[in-house]
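Working notes for the structure below.
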2 protein chains.
Amino acid sequence: MGIKERKELEKQEMRRLILDTAMKLFLEKGLENVTIRHIAEKIEYSPATIYLYFKDKDDIIYTLHREGFEQLYKLQQTTLSIRDPLERLRKQGEVYVSFAMENPEYYDLMFIMRGPVKKIKEMKEWDIGFRSFEFLRQNIKECMEAGLFPEANIDIATFSLWSYAHGIVSLIIRDRCTMFPEDKIRNIVDEALDFMLGTMFDNKVEIKS
Amino acid sequence: MGIKERKELEKQEMRRLILDTAMKLFLEKGLENVTIRHIAEKIEYSPATIYLYFKDKDDIIYTLHREGFEQLYKLQQTTLSIRDPLERLRKQGEVYVSFAMENPEYYDLMFIMRGPVKKIKEMKEWDIGFRSFEFLRQNIKECMEAGLFPEANIDIATFSLWSYAHGIVSLIIRDRCTMFPEDKIRNIVDEALDFMLGTMFDNKVEIKS
DNA sequence: TTAATTAACTTAACAGTGTTCAGTTAATGA
DNA sequence: TCATTAACTGAACACTGTTAAGTTAATTAA
């Protein structure tokens with residue numbers, strides 16, 4: 001049965017081609033300016049062909065959304081090499097923010113766009129995003145248990161730190177930071193991250209000493 | 001010249017009618033599901049008529065964007081009655097978050113949607129949003145001068161606090177908080193705000209005592 | 001009062017969107 | 001060799017924002 005397998009492989013390759021082309025166009029033209037017809041034209045197929053590989057446009061976006069979370073989770077796991085949980089937490093913040101700044105279109109469809117959420121609710125597939133949340137939560141829990149983190153409800157604390165990082169990058173991705181010069185923005189992001197973690201943890205140390 | 005004035009008045013009334021209808025539909029159907037044709041149908045005019053009062057769809061959204069900032073600024077100013085700058089800052093956070101939670105469509109077009117930004121860049125009209133940023137900045141400056149706030153670059157601190165509040169509400173508005181039950185969300189928002197302000201300021205006191 | 005002008009509005013279209021369905025090829029299996 | 005299946009497309013549908021030409025109605029000037 002070599003043929004069936006080959007067919008399946010070709011099907012996967014075609015899906016890959018569509019996804020890669022879609023993402024390339026998203027990067028070039030911005031998320032909202034890419035149409036099914038553009039993608040079709042780029043891969044030199046008829047628009048209708050795309051619907052043989054994906055249910056609809058949101059299905060393409062949803063798939064990229066999943067792959068984005070896959071990437072992000074892998075990045076998050078690189079922090080596991082750090083022993084000190086607070087250091088690891090800081091690194092997680094950096095990793096998250098870097099991911100967003102380097103892949104703004106991925107970040108947008110993962111955390112800002114409305115499209116993918118519809119699909120997720122239809123399919124009841126929260127687990128991918130949930131896993132990343134849980135990873136952060138676990139890190140915060142460790143910090144608390146080590147007395148490095150203010151005692152509080154863990155869910156609230158996790159949501160809070162996530163919100164903070166998300167706030168920074170989403171204001172920039174959606175272009176609400178025009179009060180800062182373009183070329184300083186990357187610096188400001190890093191400083192904002194330092195500021196928040198600094199005010200949360202370092203001032204304790206300062207006062208102790 | 002009573003007639004010219006009346007005409008002008010009627011023109012303004014028509015603009016108002018379009019804006020109010022648009023906003024009502026936004027609230028009903030969500031921002032992305034409202035079309036010019038819907039608005040036109042609701043006010044019982046032809047779609048083309050709307051283009052006699054607004055340049056294009058983004059112009060409508062941009063105008064609502066402006067009005068949203070007007071509202072927000074007024075709300076911000078209600079905090080001026082509070083003497084203690086740190087208390088006032090906390091209140092500002094509450095006011096901001098409340099505004100977002102009670103007017104999610106306004107918040108969305110003010111701080112998330114891409115549309116209005118295009119218009120703002122065309123017209124180079126940053127001042128409305130800038131004013132609110134400046135107001136927060138001033139409050140933080142006062143806190144710093146009173147020694148109530150960790151010493152830091154004011155711009156970074158302002159951006160940071162704004163980011164934090166924005167992060168919380170935008171994750172909820174764009175439906176990324178499905179790990180929390182719907183009916184708990186309003187509480188979680190408040191607790192997250194408390195958590196952040198708490199870790200930033202209160203733990204100083206705790207350690208001293 | 002009547003004719004010319006202007007304003008308010010609509011009709012009908014254009015180009016573009018996501019999506020579907022009937023039809024056409026080409027590859028496969030009996 | 002022939003029937004079946006898979007891959008693909010052309011042409012359409014129902015939408016979208018937007019505009020140009022045409023039609024009324026209100027206003028102004030004679």
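Just so we're on the same page: letters track the sequence lines, and every chain starts at 1. Because only heavy atoms are used, hydrogens play no part in the values below, and waters and symmetry mates are left out as well, while side chains stay in.
- B:His38 places none of its side-chain heavy atoms less than 4.5 Å from the side chain of B:Lys42.
- Using modelled atom types, one finds no donor on one side chain facing an acceptor on the other under 3.5 Å when comparing A:Asn153 with B:Glu191.
- Two residues, B:Glu10 and A:Ala48, neighbour DNA chain C, and the one matched to the more 5' nucleotide by heavy-atom proximity is B:Glu10.
- Proximity of B:Val189 to B:Leu193: side-chain heavy atoms (C-beta onward) are nowhere separated by under 4.5 Å.
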Step-by-step salt bridge (charged side-chain N to carboxylate O under 4.0 Å, His left out) determination, B:Asp84 to B:Arg90: CA-CA 10 Å; B:Asp84 178 49; B:Arg90 182 182 294 265; over 6 Å; no
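- For the side-chain hydrogen bond (donor to acceptor under 3.5 Å, both in side chains) criterion with B:Ser132, the lone passing option out of B:Arg137, B:Gln92, B:Gln76 is B:Gln76.
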Salt bridge (charged side-chain N to carboxylate O under 4.0 Å, His left out) evaluation trace for A:Arg16 with A:Glu67: CA-CA 11 Å; A:Arg16 194 67 267 149; A:Glu67 295 185 354; 2.9 Å; yes
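- A heavy atom lying under 4.0 Å from DNA chain C marks the following residues of residues 30-42 of chain A, by number: A:Val34, A:Thr35, A:Ile36, A:Arg37, A:His38.
- Every ring-ring contact (aromatic ring centres under 6.0 Å, His included) that B:Tyr107 has, sequence neighbours left out, goes to B:Tyr96, B:Phe111, B:His166.
- Only B:Asp56, B:Lys57, listed by number, bring a heavy atom of residues 52-60 of chain B to less than 4.0 angstrom from any atom of DNA chain D.
- Ring orientation note: the planes of B:Phe133 and A:Phe180 are nearly perpendicular, at an angle over 60° on the 30°/60° scale.
- Atom CD1 of B:Ile61 and atom CG of B:Leu31 lie 7.0 Å apart (nearest 0.5 Å).
- Across its full length, the helix from C:dT5-D:dA26 to C:dA27-D:dT4 shows an angle of 30° between the axes of its 5 terminal pairs at either end, rounded to 10 degrees.
- Residues from residues 16-29 of chain B with heavy atoms under 4.0 angstrom of DNA chain C: there are none.
- Taking the six-membered ring for Trp and the full ring otherwise, A:Phe195 and B:Phe159 have centroids separated by 6.0 Å or more.
- Among the nucleotides C:dG18, D:dC8, D:dA7, the one closest to the side chain of A:Thr49 is D:dC8.
- Proximity of A:Glu94 to A:Thr79: side-chain heavy atoms (C-beta onward) are nowhere separated by under 4.5 Å.
- Proximity of B:Thr49 to B:Met14: side-chain heavy atoms (C-beta onward) are separated by under 4.5 Å at one or more points.
- Both cation-pi conditions hold for A:Arg131 and A:Tyr73: the charged atom is under 6.0 angstrom from the six-membered ring centre and inside a 45 degree cone around its axis.
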Pick out the pairs of N or O atoms, protein on one side and nucleotides 21-23 of chain D on the other, that lie under 3.5 Å.
none

Intermediate values then yes/no, salt bridge (charged side-chain N to carboxylate O under 4.0 Å, His left out), B:Arg114 and A:Asp175: CA-CA 8 Å; B:Arg114 281 243 157 78; A:Asp175 218 1; over 6 Å; no
